[in-house]
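For reference, the structure discussed in these notes is given below.
Numbers here simply count residues along the sequence, with the first being 1.
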Amino acid sequence: MPACITSHTGCPANMLRLKRSAEILLRRLDIAGSELSILLVDDAEIAELNRRWFNRARPTNVISFGQHYGLPGDAGSQIVQADIPVSRRVVPAVLGDIVISVETARREAVQADTTLDHRLTALMIHGLAHLMGEDHELGPDEAIGMARVEMNLAEFLYKEEIMADLCINVDHIATIRQARGTDEPDPVIAAGIVELAGADGIVVHLREDRRHIQDRDVELLRQTIKTRMTLEMAATDEMIRIASRIKPDIVTLVPEKRRELTTEGGLDVVNLEAGLTDAVSRLHGAGIPVSLFVDPEESQIEASAGTGTDCIEIHTGRYADAATPDEEDREFEHIVNAARLADGLGLRVHAGHGLNYRNTSRIAAVSEICEFSIGHAVIAHSAIVGLDRAVKEMLSLVKKGTPE
Ligand code: PXP
């Protein structure tokens with residue numbers, strides 16, 4: 001993983017946010033293949049590092065330890081050298097370590113009237129600038145240069161949305177309603193509660209057989225959703241006509257088989273590229289952005305880029321259904337590789353299917369994924385704890401989870 005974060009001080013901050021921020025900046029700096037380690041410590045531990053490496057027996061806020069930039073004769077890990085010209089840098093497999101004292105960061109946050117998360121991000125950026133060869137201690141010009149680099153990185157980061165969005169699929173509220181053929185529970189009311197709980201969007205799948213969501217739901221949801229509406233559907237003429245009239249904020253094209261319990265597998269974009277290209281272009285013609293639901297496979301992602309789609313949603317079902325930890329690790333790697341490939345091809349990356357309260361935080365740490373679509377686990381949990389709490393618990397995994 002490009003950014004790995006460890007805390008020796010418990011988990012005082014939003015580590016997931018810091019990890020995603022670091023990875024976004026590594027991509028910005030074109031060194032996404034390089035590994036960066038971030039270690040959160042207390043004052044005593046950073047004071048000891050400060051004494052050992054800099055002969056200064058006091059705590060500080062951040063220290064960077066860089067791997068050299070591959071210059072001849074360099075060996076091992078040492079304090080980063082600021083005077084290596086950018087043109088001579090060869091980005092190493094391991095960029096280095098940034099050690100941050102959370103105790104000092106917290107004091108500085110109070111003094112600056114800001115949050116601990118903001119202060120930690122600023123210190124991470126400072127450490128990263130050092131690892132890239134900047135050094136404010138060399139003189140006033142270098143200090144100005146380094147401050148400029150930090151400002152640019154911070155500005156870039158705050159323009160990006162750092163945490164992934166969570167969109168809740170409310171199909172199974174409609175499944176309960178359809179089980180009795182009555183008019184409750186109403187997915188339209190459920191969508192309102194989901195939005196008030198803080199979710200970033202609502203997803204519904206209008207199936208050809210109308211087994212849960214009905215045309216009436218889609219019409220009313222379009223009028224009432226305040227966040228954004230994702231319409232999942234098959235790439236059929238009927239569905240493209242409905243979407244073009246309703247105008248959801250985005251359409252996710254999925255494969256649909258009549259007898260399946262839920263969507264099984266991603267689209268076979270490799271073999272259906274011409275038809276999907278046509279569907280994407282018709283939806284674009286109606287002003288609707290499109291996402292393709294695909295398995296985490298290189299050939300499918302590459303074919304997806306060829307259709308003109310805006311986005312892919314990675315099918316996380318095989319990861320979610322993994323029978324052993326080894327299998328889960330392998331499926332996780334496929335998802336990470338697929339997300340990186342799609343991001344590199346300029347596609348927005350979403351993910352979903354089978355995600356639950358146990359397996360979501362690991363995926364939420366993949367910084368290329370900017371949106372999750374989760375349904376069954378949240379609706380099932382809501383039957384026990386209520387919809388508001390079920391959504392809030394999932395939001396906290398997606399936005400505040402602890403990376404491995
Ligand atoms: N994404 C897509 C494309 C889906 O078809 C579904 C299931 O409707 C989901 C996400 C959500 O899956 P789950 O209900 O297992 O969370």
Exam field: side chain D97 to backbone S37, donor-acceptor pair closer than 3.5 Å: no
D388/K392 ion pair, N-O < 4.0 Å: yes
Flag, side chain of E142 to backbone of E137, donor-acceptor distance under 3.5 Å: no
Minimal non-hydrogen separation, D200 against C167, with atom names: C-SG, 4.3 Å
Sub-4.5 Å side-chain heavy-atom contact between N337 and E298: no
NZ/NE/NH1/NH2 to OD/OE distance under 4.0 Å, R210 and E238: yes
Residue pair N169, S373: steps toward the side chain to side chain donor-acceptor pair (under 3.5 Å) verdict: CA-CA 7 Å; N169 180 316; S373 170; 5.0 Å; no
CA sep, side-chain torsions, deciding dist, call: T227, E195, side chain to side chain donor-acceptor pair (under 3.5 Å): CA-CA 7 Å; T227 51; E195 289 189 309; 2.6 Å; yes
Pair H212-D217, side chain to side chain donor-acceptor pair (under 3.5 Å): steps then yes or no: CA-CA 10 Å; H212 38 52; D217 301 330; over 6 Å; no
Whether H172 and H376 hold their rings parallel, tilted or perpendicular, with breakpoints at 30° and 60°: perpendicular
From OG1 (T252) to CD (E313), nearest 0.5 Å: 5.5 Å
Partner set under salt bridge (Lys or Arg N to Asp or Glu O under 4.0 Å) for D186, not counting sequence neighbours: R216
Salt-bridge contact R207-D209 (side-chain N to carboxylate O under 4.0 Å): no
Student check: side-chain heavy atoms of S291 and R348 closer than 4.5 Å: no
Side chain T360, main chain Y357, donor-acceptor under 3.5 Å: no
Contacts of H8 that satisfy ring pair (Phe, Tyr, Trp, His ring centres under 6.0 Å) - sequence neighbours left out: none
pair I193-L196: side-chain heavy atoms closer than 4.5 Å: no
Contact check, side chains of H126 and H136, non-hydrogen atoms, under 4.5 Å: yes
Flag side-chain contact, heavy atom, 4.5 Å: D165 against R228: yes
Under 3.5 Å side-chain donor-acceptor pair for H284 and D310: yes
Lys/Arg N to Asp/Glu carboxylate O, R28 vs E160, below 4.0 Å: no
Sub-4.5 Å side-chain heavy-atom contact between L26 and L128: yes
Ion pair check, R362 and D329, cut-off under 4.0 Å: yes
Modelled atom types, side-chain donor and acceptor of S101 and D43, under 3.5 Å: yes
NZ/NE/NH1/NH2 to OD/OE distance under 4.0 Å, D237 and R241: no
Step-by-step side chain to side chain donor-acceptor pair (under 3.5 Å) determination, H205 to E256: CA-CA 10 Å; H205 184 174; E256 213 176 275; 3.0 Å; yes
Close side-chain approach of Q300 to V270, heavy-atom, < 4.5 Å: yes
Nearest-0.5 Å distance, CG of residue L39 to OG1 of residue T9: 8.5 Å
V398 side chain near M163 side chain, heavy-atom distance below 4.5 Å: no
Passing candidate, side chain to side chain contact (heavy atoms under 4.5 Å, CB included) with I374, options T316, V203, L355: L355
Closest non-hydrogen atom pair between A364 and L397, with its separation: CB-O, 4.0 Å
Ion pair check, E48 and R51, cut-off under 4.0 Å: yes
Pairs flagged by ring pair (Phe, Tyr, Trp, His ring centres under 6.0 Å) wherever residues 23-52 is involved - sequence neighbours left out: none
